[in-house]
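As the structure is a prediction and not an experimental result, all values here were calculated from the model.
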Amino acid sequence: MIRAVVFDVGECLVDETREYGTWADWLGVPRHTFHAMFGAVIAQGRDYRETFQEFKPGFDLHEEREKRAAAGQPETFGEEDLYVDVRPALAQLRADGLWLGIAGNQTVRAGRILRALFSDDVDLIGTSDDWGANKPDPEFFKRVAALVPFAVDEILYVGDRCDNDIRPASEAGMCTALVHRGPWATVQWNSREARELPTIRINSLLELVDRIREFNDPAR
């Protein structure tokens with residue numbers, strides 16, 4: 001039985017297109033060029049943060065975040081950046097009696113934004129900065145499992161990346177759902193791992209309701 005659903009943040013709940021565009025602006029790089037390099041770095045299996053190094057060698061993401069904040073241009077996101085299926089999917093899952101959580105690699109600032117957006121909709125909001133552990137570190141998923149009031153194999157972790165989300169969550173003993181959107185899922189979708197590893201593959205979060213019902217009651 002799946003009794004709890006825990007969501008990743010970037011490219012699962014939040015469309016990061018606008019935010020990466022502001023990074024291009026901060027670096028003084030055309031947005032199209034930045035996005036093209038971003039995609040190339042991901043397709044090569046490299047860490048996305050290497051994109052910044054291509055334009056500014058020695059780039060320190062933490063320092064640059066602080067500089068942006070000091071300049072009145074902090075990283076941010078809001079209601080307008082949520083994928084359109086997020087609110088209705090959360091409402092439908094809650095109506096089905098599922099326990100809901102949000103947990104991703106996010107900063108303290110992002111955690112505050114998430115709590116402002118979702119505190120009334122979910123039971124848990126946790127970030128890597130809160131826990132001192134970043135995905136795909138197994139410790140991150142141990143923290144998730146410790147905070148969800150169900151057995152680890154009753155948790156469905158939903159994410160857009162095989163490397164950061166699906167593989168480590170599966171190794172932790174959770175069920176997993178790979179959502180097909182954003183740059184990582186687009187690049188990885190037809191890989192053997194993306195086809196075989198997730199418990200569920202979806203194109204929209206709205207598909208979760210019926211897929212979880214089917215999983216919990218195969219005779220339906």
Side-chain angles (χ1 to χ4, degrees), residues 2-23 48-49 61-62 64-150 152 154-161 164-165 168-169 172 174 176-177 179 181-182 184 204-206 208-209 212:
I2 293 171
R3 300 181 186 276
V5 184
V6 179
F7 295 89
D8 177 36
V9 180
E11 298 308 330
C12 182
L13 302 179
V14 177
D15 181 341
E16 297 178 311
T17 300
R18 182 169 66 91
E19 184 51 38
Y20 283 120
T22 66
W23 273 114
Y48 80 96
R49 288 169 291 193
L61 184 56
H62 176 74
E64 295 295 330
R65 279 174 170 152
E66 294 299 315
K67 289 179 182 177
R68 282 188 58 172
Q73 301 176 44
E75 281 187 300
T76 192
F77 57 89
E79 187 72 30
E80 68 275 18
D81 299 299
L82 301 184
Y83 280 102
V84 295
D85 56 2
V86 171
R87 295 291 184 192
L90 291 178
Q92 290 180 30
L93 292 167
R94 175 70 85 196
D96 271 7
L98 290 154
W99 192 98
L100 303 178
I102 296 171
N105 282 352
Q106 299 291 327
T107 63
V108 170
R109 176 183 174 80
R112 290 195 295 266
I113 297 172
L114 289 168
R115 291 179 180 94
L117 288 171
F118 293 110
S119 286
D120 294 334
D121 306 292
V122 300
D123 303 286
L124 166 71
I125 297 174
T127 73
S128 53
D129 270 13
D130 293 334
W131 298 337
N134 290 273
K135 294 183 300 180
D137 186 340
E139 186 60 33
F140 179 94
F141 292 93
K142 288 179 183 177
R143 293 300 299 269
V144 173
L147 292 166
V148 175
F150 299 104
V152 67
E154 295 178 321
I155 302 169
L156 178 73
Y157 190 81
V158 186
D160 65 299
R161 296 177 60 173
N164 251 31
D165 303 321
M174 298 176 186
T176 58
V179 60
R181 60 185 175 208
W184 282 276
S204 166
L205 298 184
L206 291 171
L208 283 173
V209 176
I212 291 172

Heavy-atom side-chain contact between [X] and [Y] under 4.5 Å:
X      : Y      : value
Thr107 : Arg65  : yes
Ile212 : Leu93  : yes
Trp99  : Val148 : yes
Ile125 : Val122 : yes
Leu13  : Tyr83  : no
Trp131 : Glu139 : no
Leu156 : Leu208 : yes
Val108 : Thr127 : no

Given 3.5 Å as the limit, does a donor-acceptor pair link the side chain of [X] with the main chain of [Y], or not?
X      : Y      : value
Glu11  : Glu16  : yes
Asp137 : Asn134 : no
Glu19  : Thr76  : yes
Arg3   : Ile155 : no

Closest approach of [X] and [Y], non-hydrogen atoms and distance?
X      : Y      : value
Leu100 : Leu90  : CD1-O, 3.7 Å
Cys12  : Leu205 : O-CD1, 3.8 Å
Asp8   : Gly159 : CB-CA, 3.9 Å
Phe141 : Ala172 : CB-CB, 3.8 Å
Val144 : Ala103 : CG2-CB, 4.0 Å

Hey, mind stepping through Arg112 and Asp129 against salt bridge (Lys or Arg N to Asp or Glu O under 4.0 Å) and telling me if it holds? CA-CA 11 Å; Arg112 290 195 295 266; Asp129 270 13; over 6 Å; no

Does either side chain, that of Arg68 or that of Thr22, offer a donor lying less than 3.5 Å from an acceptor on the other one? yes

Side chains of Asp15 and Thr17: any donor to acceptor distance under 3.5 Å? yes

For [Y], is there an ion pair with [X] - N to carboxylate O distance below 4.0 angstrom?
X      : Y      : answer
Arg181 : Asp85  : yes
Asp165 : Lys135 : yes
Arg94  : Asp123 : yes
Arg87  : Asp121 : yes

Taken to the nearest 0.5 Å, the spacing of Leu61 CG from Glu66 CD works out to 10.5 Å

Cationic tip of Arg18 above Phe77 ring, under 6.0 Å, 45° of axis: no

Just do the side-chain hydrogen bond (donor to acceptor under 3.5 Å, both in side chains) check on Trp23 and Glu75 with the steps written out, would you? CA-CA 9 Å; Trp23 273 114; Glu75 281 187 300; 2.9 Å; yes

Yes or no on side-chain contact (heavy atoms from CB on, under 4.5 Å) for Leu117 and Glu79, after CA distance, side-chain angles and deciding distance? CA-CA 7 Å; Leu117 288 171; Glu79 187 72 30; 3.6 Å; yes

Taking the six-membered ring for Trp and the full ring for Phe, Tyr or His, determine whether the centres of Tyr157 and Phe7 are under 6.0 Å apart. no

